[in-house]
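Presented below is the structure to which this report refers.
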Amino acid sequence: MFLCVFVPLWFKQISFAAMIQTPRIYFDNAATTPLDADVLEAMMPYLTTYFGNPSSIYSYGRETRLAVENARKSVAKNLNAHPAEIFFTSGGTESSNMAINAAIDDLHCRHIITSPIEHHATLHTVEHLQQSGKATVNYVKLLANGHVDLHHVEELLADSKEKTLVTLMHANNEIGNLLDIDAVGNLCKKYGAVFHSDTVQTIGHFPFDLRNTPVHFITGSAHKFHGPKGVGIIYINENIKIKPFINGGSQERNMRAGTENVYGIVGFAKALEKATQNLEKDSRYIGELKQYMAEKLQQKIAGVSFNGDAFGKSLYTVLNVSFPKTDKSEMLLYSLDMHHICASGGSACTSGTNLGSHVIDAIYNDPDKVAIRFSFSKYNTKEEVDTVVNTLKELI
């Protein structure tokens with residue numbers, strides 16, 4: 001049995017010789033970022049010399065235990081939190097699962113307020129809790145530019161007859177819109193609600209002052225700011241007490257069983273330290289790249305538009321672009337990949353399934369547009385932007 005696949009003529013005409021010679025351009029930093037050389041250097045001793053289990057009482061264990069606790073202090077310092085409020089996890093998905101489930105199981109929330117454009121780590125967890133009968137769920141309305149309607153958040157809180165969890169992300173991973181985390185936190189405080197914010201896209205890219213931010217849980221993942229994959233944090237405000245999400249050991253002060261990912265934890269701390277130290281310089285540089293690409297796209301490609309509040313309350317690392325839908329633009333992501341250009345059509349957690357973007361569908365749902373997310377890091381250049389824009393012009 002043979003499978004016949006139709007490939008458009010224009011797609012066949014791509015010069016494969018040229019593609020082989022073209023260096024790769026990586027514009028999908030919201031999915032993951034390259035590991036910083038200084039971070040790798042900080043991690044290496046814990047991949048080789050210092051290999052002890054932090055739970056062991058002899059010298060090998062004490063060395064790695066010290067590394068973990070020094071990393072915790074460093075992370076806490078850079079987020080202006082207390083070290084006792086920082087717990088290391090495997091990443092943002094585990095952290096969000098832990099926070100949301102704890103709010104239901106341990107803090108006795110029976111009502112959840114969230115938005116339809118959250119990361120699936122939140123949405124799928126909330127859906128599971130609703131289906132299992134543990135909580136009712138309300139989805140907050142969105143404004144035309146994709147921002148959460150804060151007036152509707154307050155209406156839902158005021159109408160709630162049960163203890164409520166509000167879970168809203170700080171920056172949307174697909175369009176970059178920034179939530180006023182203090183405003184939402186103060187609303188939660190006013191109505192006695194628990195507040196969890198997915199801050200995976202903002203830790204390492206945004207200044208935090210958790211001692212003065214009204215939030216109960218936030219989450220972070222090292223690989224979003226040039227740290228290693230497989231390590232994250234959950235911040236748990238010292239005024240609340242919850243039970244472990246993973247059982248089986250006394251690690252992380254009895255909150256998260258399992259032998260600690262020591263080199264990952266060291267890498268998380270080093271990556272956050274560097275990101276915090278260079279935040280002003282890097283954010284200015286990356287923001288200029290974003291603006292430059294937007295201007296070049298408008299100059300060279302007719303009919304482009306930008307999704308979300310791209311040049312208002314938005315993360316400087318993300319530019320979500322809509323292109324007019326044509327036979328060519330429908331295959332745009334594949335064509336860019338063939339030209340060694342990496343971008344995405346949605347969250348990295350779903351892009352492999354090619355199901356499109358639930359975020360774009362929730363806000364615009366325009367069948368005549370094709371949305372692509374470009375996201376930048378300190379390693380990208382204007383020359384790369386020029387190459388990408390010129391390639392897009394040829395492809396479209």
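Side-chain atoms are counted along with the backbone in the values below, which use heavy atoms only and exclude waters and symmetry mates. Nothing here was measured: the structure is a model prediction, and the numbers come from that model.
- Counting heavy atoms from C-beta on, the side chains of L143 and D149 come closer than 4.5 Å.
- Rounding to the nearest 0.5 Å gives a distance of 10.5 Å between CE of M255 and CD1 of I246.
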Show your working on side chain to side chain contact (heavy atoms under 4.5 Å, CB included) between I234 and F245 and close with a plain yes or no.
CA-CA 12 Å; I234 180 170; F245 183 57; over 6 Å; no
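- Pairing each heavy atom of S314 with each of K290, the nearest pair is OG-NZ, 3.2 Å.
- A donor-acceptor pair is defined here as one N or O able to donate and one able to accept, closer than 3.5 Å; no such pair exists between the side chain of S74 and the backbone of N70.
- Taking both residues in full, the closest heavy atoms of V166 and A193 are given as CG2-CB, 4.4 Å, listed atom of the first, atom of the second, then distance.
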Go through the steps to decide whether T33 and K224 satisfy the test side chain to side chain contact (heavy atoms under 4.5 Å, CB included), and finish with yes or no.
CA-CA 6 Å; T33 54; K224 303 297 187 180; 5.6 Å; no
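- Looking at E94, its side chain does come within 3.5 Å of a backbone N or O of S90 through a donor-acceptor pair.
- Under a 3.5 Å cut-off, the side chain of K134 and the backbone N or O of D105 do not form any donor-acceptor pair.
- Not a single donor-acceptor pair under 3.5 Å links the side chain of N320 to the backbone N or O of N307.
- Scanning all heavy atoms of the two residues, the minimum distance from G345 to L333 falls at N-CD1, 3.4 Å.
- Among all heavy-atom pairs drawn from S197 and M169, the shortest one is OG-C, 3.8 Å.
- If you chain together hydrophobic residues whose side chains sit under 4.5 Å apart, L187 and I181 fall into the same group.
- The ring-ring contact (aromatic ring centres under 6.0 Å, His included) pairs that include a residue from residues 55-92 are F51-Y60, where partners are two or more places apart or lie in different chains.
- The shortest distance between side-chain heavy atoms of N29 and T317 does not fall below 4.5 Å.
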Might you work through the ring-ring contact (aromatic ring centres under 6.0 Å, His included) test for F376 and F27, ending with a clear yes or no?
CA-CA 6 Å; F376 315 97; F27 274 8; 5.1 Å; yes
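- Both V126 and I242 belong to a common hydrophobic cluster when Ile, Leu, Val, Met, Phe, Trp and Tyr are linked at side-chain heavy-atom distances under 4.5 angstrom.
- By the rule that hydrophobic residues join a cluster once side-chain heavy atoms approach within less than 4.5 Å of another member, V137 and L107 end up as members of one cluster.
- At least one donor-acceptor pair closer than 3.5 Å links the side chain of N380 to the backbone N or O of Y26.
- Between the side chain of Y316 and the backbone N or O of H205, at least one donor-acceptor pair lies under 3.5 Å.
- K325 meets the side-chain contact (heavy atoms from CB on, under 4.5 Å) test with S329, E330, V370; sequence neighbours excluded.
- Note: T202 OG1 to F225 CZ = 10.0 Å, rounded to the nearest 0.5 Å.
- The side-chain contact (heavy atoms from CB on, under 4.5 Å) check on S115 picks up I117, E118, V140, L142, V148, L168, with sequence neighbours excluded.
- From L35, atom CG reaches atom NE2 of H223 across 12.0 Å, with rounding to the nearest 0.5 Å.
- Residue E41 qualifies as open at atom CD: its count of foreign heavy atoms under 6.0 Å is 12 or below.
- Here the side chains of D159 and N138 are not in contact, with every heavy-atom distance at 4.5 Å or above.
- A distance of 11.5 Å separates SG of C109 from CG of N101, quoted to the nearest 0.5 Å.
- Between L332 and L392, some side-chain heavy-atom pair lies under the 4.5 Å cut-off.
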Report the C-alpha distance between D198 and N173 in whole Å, list the side-chain angles of each, state the deciding distance to 0.1 Å, and finish with yes or no for side chain to side chain donor-acceptor pair (under 3.5 Å).
CA-CA 10 Å; D198 169 356; N173 57 305; over 6 Å; no
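- Between the side chain of T164 and the main chain of E162, a donor-acceptor pair closer than 3.5 Å is present.
- By the 4.5 Å heavy-atom criterion applied to side chains, V184 and L150 are counted as neighbours.
- With V389 as reference, M293 is the one residue of M293, E394, E295, Q299 to meet the side chain to side chain contact (heavy atoms under 4.5 Å, CB included) rule.
- E252 and R72 are joined by a salt bridge, as a carboxylate oxygen and a charged side-chain nitrogen come within less than 4.0 angstrom of each other.
- For V75 against I86, the heavy-atom pair with the smallest separation is CG1-CG2, 4.0 Å.
- In the hydrophobic clustering of ILVMFWY residues, with side-chain heavy atoms under 4.5 Å counting as a link, I240 and I100 come out together.
- Annotation: side chain of T122 is in contact with side chain of H196 (closest heavy-atom distance under 4.5 Å).
- Taking the charged nitrogens against the carboxylate oxygens, D36 and K270 have no contact shorter than 4.0 Å, which rules out a salt bridge.
- Taken from CD in E260 to OG1 in T89, the straight-line distance is 12.5 Å, to the nearest 0.5 Å.
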Does N80 form a side chain to side chain donor-acceptor pair (under 3.5 Å) with D209? I'd like the steps, not just the answer.
CA-CA 5 Å; N80 196 25; D209 180 9; 2.3 Å; yes
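- Both I25 and I301 are members of a single hydrophobic cluster when ILVMFWY side chains are connected at heavy-atom separations under 4.5 Å.
- L156 contributes atom CG, which lies 11.0 Å from atom OH of Y191 (distance to the nearest 0.5 angstrom).
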Verify side chain to side chain contact (heavy atoms under 4.5 Å, CB included) between D182 and T213, making sure each step is shown before the conclusion.
CA-CA 6 Å; D182 289 290; T213 304; 4.0 Å; yes
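- The shortest distance between side-chain heavy atoms of K378 and H226 falls below 4.5 Å.
- Partners of E288 under the side-chain contact (heavy atoms from CB on, under 4.5 Å) rule, at least two apart in sequence or in another chain, are R284.
- Side-chain N or O atoms of H340 include none that pairs as donor or acceptor with a backbone N or O of P23 at under 3.5 Å.
- Residues F323 and I372 have side chains in contact (heavy-atom distance under 4.5 Å, counting atoms from C-beta outward).
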Do I218 and F195 pass the side chain to side chain contact (heavy atoms under 4.5 Å, CB included) test, and can you show the C-alpha distance, the side-chain angles, and the key distance before you say yes or no?
CA-CA 9 Å; I218 69 163; F195 182 29; over 6 Å; no
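- The closest donor-acceptor contact from the side chain of R62 to the backbone of I57 lies under 3.5 Å.
- The main-chain N or O of G52 is found under 3.5 Å from a side-chain atom of T64 such that the two form a donor-acceptor pair.
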Verdict with reasoning, D28 to S344, per side chain to side chain donor-acceptor pair (under 3.5 Å):
CA-CA 6 Å; D28 199 18; S344 68; 3.2 Å; yes
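- The salt bridge (charged side-chain N to carboxylate O under 4.0 Å, His left out) check on E384 picks up nothing, with sequence neighbours excluded.
- A salt bridge does not link E273 with K77: none of the charged nitrogens is closer than 4.0 Å to a carboxylate oxygen.
- Around the OH atom of Y50, the shell of radius 6.0 Å holds no more than 12 heavy atoms that belong to other residues, nucleotides or ligands.
- By the side-chain contact (heavy atoms from CB on, under 4.5 Å) test, Q298 is found to be paired with V304, F306, residues two or more places apart in sequence or in another chain being considered.
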